[in-house]
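Have a look at the structure below before the remarks.
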2 protein chains.
Amino acid sequence: MKKITIADVAKHANISKSTVSQYLNNRFDYMGEKTKERIAQSIRELDYKPNIVARSLKQKTTFTIGVIVANMLHVFSTQVLRAIEDVCHAQDYHVIVCNSDDDPKKEKKYIEMLHAKQVDGLIVFPTGENKELYEGMVNEQFPLLFMDRFVEGLNIDSFLIENEKAAKIAVDHFVSKGYENIAILTKELLKNVTPRVERVQGYKKALKAHGIEVAEKFIIGEEVEHIQEKLKEVFSLPTPPRAIIAGNDLVLIQILQFAKENEMNIPEDLGIIGIDEVSFASIYSPPLTTISYPSYEMGKDAAELLLKKIRKEENSMSSEIHRYQPELIERRSC
Amino acid sequence: MKKITIADVAKHANISKSTVSQYLNNRFDYMGEKTKERIAQSIRELDYKPNIVARSLKQKTTFTIGVIVANMLHVFSTQVLRAIEDVCHAQDYHVIVCNSDDDPKKEKKYIEMLHAKQVDGLIVFPTGENKELYEGMVNEQFPLLFMDRFVEGLNIDSFLIENEKAAKIAVDHFVSKGYENIAILTKELLKNVTPRVERVQGYKKALKAHGIEVAEKFIIGEEVEHIQEKLKEVFSLPTPPRAIIAGNDLVLIQILQFAKENEMNIPEDLGIIGIDEVSFASIYSPPLTTISYPSYEMGKDAAELLLKKIRKEENSMSSEIHRYQPELIERRSC
DNA sequence: TTGTACGCGTTATCAG
DNA sequence: CTGATAACGCGTACAA
């Protein structure tokens with residue numbers, strides 16, 4: 001059961017490989033009707049399928065891109081991926097998906113392997129730890145885009161949420177409702193991941209703009225496993241928070257759990273605003289006020305830009321930061 | 001800025017391509033130390049990267065597999081994908097991800113393209129509408145696995161949840177708690193997708209086993225957009241349901257919304273069991289009783305089997321149905 | 001140990 | 001309109 005190649009088809013149709021190749025590439029400017037027919041016939045009879053690897057070798061293009069996310073279990077990543085895949089499908093590209101798990105080594109290995117596999121471009125949620133590597137690809141003019149995270153001084157198109165604004169919207173809303181002692185909770189602050197640092201930054205700025213003093217004790221960063229203890233600690237303070245911003249969906253669930261276990265009334269005892277839309281926001285009791293942003297659109301725009309750069313319709317050298325606006329969805333938790 | 005090939009390295013090191021190739025493939029059984037050093041040196045200086053496409057053409061293997069899911073926005077798909085990616089990463093394979101959107105045409109196009117791209121194997125959440133195509137691949141001995149959905153009479157390894165049992169567990173639990181008028185809600189029943197039909201089947205069987213008559217009006221299938229109206233209709237019946245099984249997470253949210261809007265008390269007015277674990281199950285009021293199953297494990301096992309078949313460590317001809325056990329997580333909604 | 005020559009499947013070029 | 005022939009980059013007998 002040997003694979004049939006273009007040579008077999010040629011032999012079967014009694015013509016040369018080149019003619020068959022032309023046929024396959026729709027270059028029948030001057031091809032005889034009868035020849036066309038014979039080729040079509042042979043292809044059908046032999047059930048010939050072109051070998052795209054061979055074509056890629058010759059054409060130096062694979063019609064495949066790579067996407068390296070931190071972790072595709074995150075809802076945001078999933079939505080971005082889905083958008084990318086949709087755009088690629090529409091333009092006959094395929095997508096190789098990888099999880100870096102925020103591990104620079106893993107990220108590096110993936111980038112190098114995908115590059116070696118000759119993918120035509122890459123969309124990365126960067127760990128930020130492989131600057132030289134990123135830089136090398138830019139110099140090579142390799143189509144590369146960053147998503148969700150920014151890496152300083154690198155001249156690479158980046159698609160980001162207006163994170164400071166997201167935090168500001170939350171603070172403003174709390175203030176307008178008369179809340180005091182507003183806290184913010186995110187995952188560990190150690191890692192300087194763009195969304196986290198920007199959100200905290202925006203939180204601070206917004207407080208200052210309202211003439212409220214920033215209290216470090218209200219800026220909480222903790223690994224998910226230890227959030228409950230941490231929360232307990234913070235809410236045992238003489239002046240505990242009366243309002244809290246959840247830095248993302250996971251952290252929001254932790255807060256809700258804590259509030260529930262301690263029988264705190266929302267929004268009376270504690271106001272809550274979650275950054276990230278969650279599936280259960282509108283059915284929760286009370287319905288949760290959240291801040292959402294256009295994940296799908298971000299993925300779509302990124303994919304479209306990448307494909308343009310791949311086709312050189314867009315200058316692969318110029319680069320900018322694309323910012324997306326967060327939006328308050330007011331419900332009842334604040 | 002020309003690409004460096006193995007020939008350039010050879011020239012630079014003043015030896016032949018074959019020697020370099022051997023070096024790259026760790027076949028230095030009899031290679032001179034000095035030669036090895038020279039090669040390493042040249043590779044570094046020229047920053048040579050092997051072209052994997054060329055290697056694939058020669059070796060007829062791409063170290064890439066394809067996964068076609070119905071829609072990667074579904075939590076189950078995401079978890080399965082993540083597991084597959086983990087296994088593949090550990091064995092240096094890459095994963096191309098595609099969304100069929102339950103469209104047989106799209107599925108067909110993907111399968112054919114991926115095949116042409118010479119992926120080494122495929123894991124598919126089948127639409128079920130491309131039997132001939134699936135069959136062709138089996139005959140070709142192409143490594144192919146099905147996930148979540150079963151296609152009759154096809155001799156292809158399939159990884160499925162014990163769906164009937166999941167429904168049975170729910171029914172049994174309701175009955176043991178003294179509930180009557182137990183309904184089941186799924187998305188449209190028209191499409192004969194394995195999980196849906198098996199769950200309804202299991203529901204019926206379980207009721208019968210308890211000597212309870214099956215009422216067609218309690219078997220509800222509806223598109224997500226119209227679920228609210230449908231629910232309104234069903235709960236206006238003379239004897240409305242007192243308990244309801246949510247066929248999946250999306251449908252569960254719809255039920256919760258309906259219950260909330262109509263101020264129904266859970267579990268007093270209405271008992272609820274959701275098939276599919278959801279992130280907010282334990283923080284909801286009341287905490288939701290759900291039935292979960294090992295998605296990650298399913299993806300992991302599938303990927304491992306696929307890679308074995310690819311390496312011919314496993315007979316690609318033999319095939320079986322792998323069933324996974326659902327588990328009741330009792331909380332307070334029933 | 002190393003070098004030569006050829007194959008992998010397709011496409012591009014250039015005669016005819 | 002069609003057909004040789006040479007790439008594309010790598011791997012590998014086989015020869016030396």
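Note that these values count all heavy atoms, side chains included, but never hydrogens, waters or copies made by symmetry. To find a chain, count down the sequence lines: A is the first, B the second, and so on, and within it residues start at 1. Bear in mind that the values here come from a model prediction, so they are computed numbers and not experimental data.
Atom P of nucleotide dG9(D) and atom NZ of K11(B) are separated by 12 Å, given to the nearest angstrom. Atom CG of N51(B) and atom C1' of dC8(D) are 9 Å apart (whole Å). The CD1 atom of I6(B) sits 19 Å away from the P atom of dA7(D) (whole-angstrom rounding). Taking atom CD of Q59(A) as the reference point, atom C1' of dC8(D) lies 11 Å away to the nearest angstrom. Counting to the nearest Å, the P atom of dC1(D) and the CD1 atom of I39(A) are 13 Å from each other. With rounding to whole Å, K58(A) atom NZ is found 5 Å from dC8(D) atom C1'. Taking atom OH of Y48(A) as the reference point, atom P of dG9(C) lies 10 Å away to the nearest angstrom. Whole-Å rounding puts the R55(B) CZ to dT12(D) C1' distance at 14 Å.
Each of S18(B) and L57(B) has a nearest nucleotide on DNA chain D; the 5'-most of these lies closest to L57(B).
When heavy atoms are screened at a 4.0 angstrom cut-off, T35(B) is found touching the sugar-phosphate backbone but no base atom.
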Show me the side-chain donor-acceptor pairs of residues 142-153 of chain A shorter than 3.5 Å, one per line, residues at least two apart or across chains.
{"residue": "R149(A)", "atom": "NE", "partner": "P126(A)", "partner atom": "O", "Å": "2.9"}
{"residue": "R149(A)", "atom": "NH2", "partner": "D102(A)", "partner atom": "OD1", "Å": "2.3"}

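We find that R82(A) and D101(B) are joined by a salt bridge, their nearest charged nitrogen and carboxylate oxygen being less than 4.0 Å apart. A salt bridge between K109(B) and D92(A) is present, with a side-chain N of the basic residue lying under 4.0 Å from a carboxylate O of the acidic one.
Checked against dA12(C), dT4(C), dA4(D), the side chain of S16(A) finds its nearest nucleotide in dA4(D). Counting only heavy atoms from C-beta on, I15(B) has its side chain closest to dG3(C) among dG3(C), dT10(C), dG11(D).
Note on Y23(A): every side-chain N or O is 4.0 Å or more away from OP1 and OP2 of dG3(D). In this structure, T19(A) reaches the dG3(D) phosphate: one of its side-chain N or O atoms is under 4.0 Å from OP1 or OP2. Taking only side-chain nitrogens and oxygens, K60(B) comes nearer than 4.0 Å to OP1 or OP2 of dG9(C). Distances shorter than 4.0 Å separate none of the side-chain N or O atoms of T5(B) from OP1 or OP2 on dG9(D).
The main-chain N or O of I156(A) is found under 3.5 Å from a side-chain atom of S158(A) such that the two form a donor-acceptor pair.
The base of dA4(D) has none of its N or O atoms less than 3.5 Å from a complementary donor or acceptor on the side chain of K17(A).
Below 30°, between 30° and 60°, or above 60°: for F125(A) and F76(A) the angle between ring planes is above 60°, a perpendicular geometry.
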